[in-house]
Every structure is written in C-alpha cells, then in structure tokens.
Engineer: 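Questions regarding the structure given below will be posed in turn.
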2 protein chains.
Amino acid sequence: MDAEQEPRWLDAVEQQTWFELIAVMSWLPDALDAQLSRDADISHFEYQVMAMLSMSAQRTRRMSDLAALANGSLPRLSRTIDRLDRRGWVTRRPDPDDGRATLAVLTDAGWEKVVATAPGHVAEVRRLVIDPLTKAQVRQLHEIANRIRHAVQPDACLPTLPAPDGP
Amino acid sequence: MDAEQEPRWLDAVEQQTWFELIAVMSWLPDALDAQLSRDADISHFEYQVMAMLSMSAQRTRRMSDLAALANGSLPRLSRTIDRLDRRGWVTRRPDPDDGRATLAVLTDAGWEKVVATAPGHVAEVRRLVIDPLTKAQVRQLHEIANRIRHAVQPDACLPTLPAPDGP
DNA sequence: AACAAATGCTTGACAGCGCAAGTATTCATC
DNA sequence: GATGAATACTTGCGCTGTCAAGCATTTGTT
C-alpha cells in the first residue's frame, strides 16, 4: 500500500522557486481583489465573469462554459450570477437550443460597468505583473504558466481572444 | 477626480500571459489542496503552517511570524492553530519574553504528521510545477516570481532555508 | 413510445476566511 | 510609577465557497 520509495526532494533552487511561487499565489489574488473591491466594489471573480461575457458573441454564454472560462465551479458561478443579476449587470435566459441549459447575458449596464472598471484593473495588472518584468520574462512566463497549467488541468480552456488587431 | 487617461492596454502576448497566470493561480492551489486533503486530510495552508514550524528552531514560532511565513492573516492562523491543536499536532505557549505574544509549537505527533505527509506532497509539487519545466525555466520562474512578489508585497518575507546541505 | 441514464443547473447545509471590535500586555511619556 | 498609545492575539458576525442532493430536460435503449 506504499507508493513512496526514496522521494526526490527539491534542491535549493527548486525549493526557493517553490516558496516564491506560493507567495505570489497567496498575495496576488488578494491584491487584485483589493483593487477591484476598493475602486469598483466587485470581486476579481465577478470582474472575470463580466469580462468574459463582454468578449463573447451576443455578450452571452452558457453557464458551464462561463464557469470554465472564468476558472470557477458551477455552484460558485451560479451564486455569482445571482449577485450580478441583483445588481442589474447580468440576466439569465433559458437556452432555446437546450432546455436544460441557462444562458448568462451581460446587460447594457453590465457592459458599462466593465468599460468603467477595466482601465483601473489593467493598470493594476501592469503595475503588479507586467511592468516589473522584461519583455523576455513575459514571454518566459507565458511558456512556464502554459506548462504548469497543462500539468494541473490537462483539459482546461483559455478564452479565445477576439483578435484584438489582426485578422 | 479621474485618474485614468488613455490606459495602456495589454498587447496580445501580455494578455495571453495574463490569462495563463490567472488560470494557474486558480487551479494550482485547488490541486494542492486536493492532494493533501485526499492523502493526509489537511488543507494546504495547514500543511504550510506545520511545515514552517518543522523548519523553525525548537519547532516554535510566534503567531505573527508564523502567519507572515505561511502567507496568511493572523485571524486565519489563529483559527488554523485551533484546528491543529484540537488534532494534537500543535500547542500554544505564552511567550516568556513578551506576555502579549503566543508561541505555536509543533508536537511530536505534528512532526510525525509532517514527515508522513511531505513525500506525497513534494511528489505532487514536482509533478505539477517542477518536472514540467526545464532547469532553465525553473531559474527563470524564480526570478519572475521574485519580481512579482516584490511588486505585490514590498516587505514580504520568505522562510530562511535551514541550509539543507551547505554551511 | 416509454423508461433509464446522463446532462445542466440550482440550492440547502456547513466550513473557512476577513473585518472590525474586544482583551491583555508592553512601551513611551511625563 | 502612573496613564495613554501601541502591539499581539482572539473572537463574533457576515459573506462566500464547496459538497452533495435535488429538479428539470435531453439522450439512448428496448
């Protein structure tokens, strides 16, 4: 019933790296929540949900797709949509193609909330993550995070960017 | 009252990198919690607290030091110590040097719990983070995480490693 | 066509965390 | 050496998240 035999411990560099990563994973989400909570009175997850809707066709997504896109569980999304609905930023519609499914739709007020909130949030992301790094490090981080993500969640999906400038 | 004027948006690479990082920050903590919860019936934060104590002189730390070391708030640590105390892995002692302070001490049973849990946890960290990366990428991640951490928490402290082999 | 299994979402019960207030001890000042 | 401010920790309360159960709809089977 034992699976471990002579575990491969982390060497000094690996251990240091691990502690650094733990620290970032602990503090960065709190910092993002703090900025959004202070300046826009929403959580980072709530922002993420609305941002994903704002990038979607018809500003609409099925609940389960939206949950995956925003990296949250379905119950968590359901309750988040409750809150956003109460504030008038999102509404629910039954999916005409599948009676079991529910569509979340960003309202006009929700769109404006995202537009008003985005600049401050992007500035914070720049300040905390992008600007402290060199351009080369940003590319390195892209590849590193991609590898870790695949190890953690082999079948996770990333939002398909709406081709900001190019075709 | 406006602070934003023509925000500097993220370019495609920066945006992709940001989404990758969000995904990792969302899923990796859950994956660590899942392994520890499944194999050792403790949360990652609880493990972190005990691991930090196990590295400390006399297996003892002041609550506030321990909270900073484990990247948590003092109320969070206080309640975590409650739970670990109830399970017999940690005890509280008043600090003889400062009557306000409380010392958390890892018991023998707690030490054994860490020893029993560490191999499986390290294996998971390897599987999810270290092994998917090249040696160069581990070094890159170290520097990248260090820069982000300083931007997020200028005065954060990292555990001083007990010089695993060298002096 | 009818029934069972699977899918998509919601919800009740419960646990954990943060905030702010509370308590106890130490430090600083006069 | 008293009194007020500061520090260290704990705790009551509310919010949010997870887990498991529940309900409705669709799909697959006979």
Engineer: Between the protein and nucleotides 10-15 of chain D, are there any N/O to N/O pairs under 3.5 Å, and if so, what are the atom names and distances?
Structural biologist:
unit_1: D/dT10; atom_1: OP1; unit_2: B/R92; atom_2: NH1; d: 2.5
unit_1: D/dT10; atom_1: OP2; unit_2: B/S78; atom_2: OG; d: 2.9
unit_1: D/dT10; atom_1: OP2; unit_2: B/R92; atom_2: NH1; d: 3.1
unit_1: D/dT10; atom_1: O5'; unit_2: B/S78; atom_2: OG; d: 3.4
unit_1: D/dG12; atom_1: N7; unit_2: B/R79; atom_2: NH2; d: 3.0
unit_1: D/dG12; atom_1: O6; unit_2: B/R79; atom_2: NH1; d: 2.9

Engineer: Before accepting this row, confirm whether a basic side-chain N of the pair B/D131/A/R8 lies closer than 4.0 Å to the acidic partner's carboxylate O.
Structural biologist: yes
Engineer: Report the distance from atom CG of A/L128 to atom NE2 of B/H150, rounding to the nearest 0.5 Å.
Structural biologist: 14.0 Å
Engineer: Name the residue closer to the 5' end of DNA chain D, choosing between B/L103 and A/T80 according to the nucleotide with the nearest heavy atom.
Structural biologist: B/L103
Engineer: Taking atom C1' of D/dT27 as reference, at what distance in whole Å does atom CZ of A/R100 sit?
Structural biologist: 7 Å
Engineer: Just by distance, do the side chain of A/E124 and the backbone of A/H121 share a donor-acceptor pair under 3.5 Å?
Structural biologist: no
Engineer: Salt bridge check, B/D33 against B/R38: does any charged N sit closer than 4.0 Å to a carboxylate O?
Structural biologist: no
Engineer: Is there side-chain contact between B/Q140 and A/Q137, with at least one heavy-atom pair below 4.5 Å?
Structural biologist: no
Engineer: Tell me if a side-chain donor or acceptor on B/S56 pairs with a main-chain N or O of B/M52 at a distance below 3.5 Å.
Structural biologist: yes
Engineer: Is the backbone of B/G88 close enough, under 3.5 Å, to the side chain of B/T107 for a donor and an acceptor to pair up by distance?
Structural biologist: yes
Engineer: Using a 3.5 Å distance criterion without hydrogens, assess whether the side chain of A/S54 forms a donor-acceptor pair with backbone atoms of A/W111.
Structural biologist: no
Engineer: Which part of the nucleic acid does A/S73 contact within heavy-atom distance under 4.0 Å: base, sugar-phosphate only, or nothing?
Structural biologist: sugar-phosphate
Engineer: If you look at every strand shown and take non-hydrogen atoms under 4.0 Å, does B/D95 touch a base, only sugar-phosphate, or nothing?
Structural biologist: nothing
Engineer: Check whether any side-chain heavy atom of B/L103 sits under 4.5 Å from a side-chain heavy atom of B/R61, and report yes or no.
Structural biologist: no
Engineer: To the nearest Å, give me how far apart CZ (A/R62) and C1' (D/dT25) are.
Structural biologist: 11 Å
Engineer: Just wondering, are more than 12 heavy atoms of other shown residues or ligands nearer than 6.0 Å to CZ in B/R93?
Structural biologist: no
Engineer: Give me the first and last nucleotide of DNA chain C, going 5' to 3', that has any atom under 4.0 Å from a heavy atom of chain B.
Structural biologist: C/dG16 to C/dT26
Engineer: On DNA chain C, nearest-nucleotide positions of A/D30 versus A/D98: which is more 5'?
Structural biologist: A/D98
Engineer: Rounding to 10 degrees, work out the angle separating the end axes of the helix from C/dA1-D/dT30 to C/dC30-D/dG1 (five pairs an end).
Structural biologist: 20°
Engineer: Please determine if B/E143 and B/R147 form a salt bridge, counting it only when a charged side-chain N lies under 4.0 Å from a carboxylate O.
Structural biologist: yes
